[in-house]
Visitor: 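Have a look at this one.
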Amino acid sequence: QVQLVESGGGFVQAGDSLRLSCVASGLSINAIGWYRQAPGKERELVARITSIGVPNYADSVKGRFTISRDNAKNTVYLQMNSLKPEDTAVYYCNVVPPRTSWGQGTQVTVSS
């Protein structure tokens, strides 16, 4: 069955970098997105990548985040550079548009 397992989050300072990983078993033929949800806010799509590696980004992260995938490993990555406090959220991966089932997410906290 499909599994979504996110990892790589942490507590960092503004300007630091993190690399998130998402093991998305059974979804290599799908477009995969990275979503984030901050406390009190709706979940938002910040980046997505097609099955052949074409990326798309939200304006808020464009130029700072890079999404990539390794289909052989069923893994999607999100390289996050120049992190800002506004990036603080729980980050999730899922297909685009998302299925109703979500993984546990990974917490990213950026201090000023």
Side-chain angles (χ1 to χ4, degrees):
Q1 57 182 335
V2 174
Q3 291 183 317
L4 297 166
V5 182
E6 302 92 344
S7 63
F11 185 89
V12 298
Q13 295 188 19
D16 286 351
S17 297
L18 284 172
R19 190 194 193 206
L20 307 184
S21 297
C22 166
V23 178
S25 301
L27 299 175
S28 62
I29 65 171
N30 299 95
I32 304 294
W34 278 100
Y35 302 77
R36 68 185 182 190
Q37 186 168 29
K41 296 185 177 181
E42 293 186 343
R43 185 152 33 209
E44 63 174 339
L45 178 66
V46 298
R48 59 184 170 190
I49 187 167
T50 71
S51 62
I52 60 171
V54 180
N56 187 264
Y57 304 95
D59 288 342
S60 60
V61 307
K62 196 170 298 181
R64 300 187 298 119
F65 291 10
T66 302
I67 189 170
S68 61
R69 68 191 299 168
D70 184 341
N71 286 342
K73 296 181 178 180
N74 297 121
T75 303
V76 180
Y77 304 95
L78 187 67
Q79 178 66 46
M80 304 186 295
N81 298 326
S82 302
L83 282 162
K84 304 175 180 179
E86 307 92 272
D87 297 318
T88 296
V90 178
Y91 284 71
Y92 304 87
C93 61
N94 211 327
V95 293
V96 183
R99 290 178 165 84
T100 56
S101 181
W102 296 81
Q104 71 276 25
T106 185
Q107 176 72 51
V108 172
T109 302
V110 185
S111 63
S112 60

Visitor: Distance from Phe11 atom CZ to Thr88 atom OG1, nearest 0.5 Å?
Guide: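 The OG1 atom of Thr88 is 8.5 Å from CZ of Phe11, to the nearest 0.5 Å.
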Visitor: Can a donor-acceptor pair be found, under 3.5 Å and without considering hydrogens, that links the side chain of Asn30 to the backbone of Ile32?
Guide: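 Answer holds: no.
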Visitor: Do Tyr57 and Leu18 share a hydrophobic cluster, counting only Ile, Leu, Val, Met, Phe, Trp and Tyr and linking them when any side-chain heavy atoms are less than 4.5 Å apart?
Guide: yes
Visitor: Linking I/L/V/M/F/W/Y whenever their side-chain heavy atoms sit closer than 4.5 Å, directly or via other members, would Leu78 and Val108 fall into one cluster?
Guide: yes
Visitor: For the residue pair Ile29 and Ser51, what are the closest heavy atoms and their distance?
Guide: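 Ile29 and Ser51 have their closest heavy atoms at O-CB, 3.6 Å.
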Visitor: Do you know the tightest heavy-atom contact between Ser112 and Pro85?
Guide: CB-CG, 3.9 Å
Visitor: What is the minimum heavy-atom distance between Ser21 and Trp34, and which atoms define it?
Guide: O-CH2, 3.5 Å
Visitor: In plain terms, say whether Asp87 and Lys84 are close enough for a salt bridge, that is, a side-chain N and a carboxylate O under 4.0 Å apart.
Guide: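 No.
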Visitor: Nearest 0.5 Å please: distance from the OG atom of Ser25 over to the NZ atom of Lys73.
Guide: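 Between atom OG of Ser25 and atom NZ of Lys73 there are 14.0 Å.
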Visitor: If you group Ile, Leu, Val, Met, Phe, Trp and Tyr by side-chain heavy-atom gaps below 4.5 Å, do Leu45 and Phe65 land in one group?
Guide: no
Visitor: Quick one: ring pair (Phe, Tyr, Trp, His ring centres under 6.0 Å) pairs with a partner in residues 81-112, sequence neighbours left out?
Guide: Tyr35-Trp102, Tyr92-Trp102
Visitor: Could you check Val110 against Met80 for side-chain contact (heavy atoms from CB on, under 4.5 Å), going step by step and ending with a plain yes or no?
Guide: CA-CA 11 Å; Val110 185; Met80 304 186 295; over 6 Å; no
Visitor: Apply side-chain contact (heavy atoms from CB on, under 4.5 Å) to Ser60 and Arg36, showing your working.
Guide: CA-CA 12 Å; Ser60 60; Arg36 68 185 182 190; 3.6 Å; yes
Visitor: Of all the heavy-atom pairs spanning Ile49 and Arg69, show the shortest one and how long it is.
Guide: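 Scanning both residues, the minimum pair turns out to be O-NH1, 3.4 Å.
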Visitor: Backbone N or O of Asp70 within a donor-acceptor pair of the Tyr77 side chain at under 3.5 Å?
Guide: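 Not a single qualifying donor-acceptor pair exists.
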Visitor: Between Asn94 and Ser101, which heavy-atom pair has the shortest distance, and what is it?
Guide: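 Result for this residue pair: ND2-O, 3.1 Å.
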Visitor: Atom CD of residue position Gln13 - does it have more than 12 heavy atoms of other residues, nucleotides or ligands inside 6.0 Å?
Guide: no
Visitor: Give a yes or no answer on whether the side chain of Asn56 reaches the backbone of Thr50 with a donor-acceptor pair at less than 3.5 Å.
Guide: no
Visitor: For residues Ala24 and Leu4, report the shortest heavy-atom separation together with the two atoms involved.
Guide: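 Closest approach of Ala24 to Leu4: CB-CD2, 3.9 Å.
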Visitor: Can you tell me if Glu6 uses its side chain to pair, donor with acceptor, with the backbone of Cys93 under 3.5 Å?
Guide: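 Indeed, once roles are kept as given, a pair shorter than 3.5 Å links the two residues.
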Visitor: How about Arg48: does its CZ atom have over 12 heavy atoms from other parts shown lying under 6.0 Å from it?
Guide: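 Atom CZ in Arg48 is not crowded, with 12 or fewer foreign heavy atoms closer than 6.0 Å.
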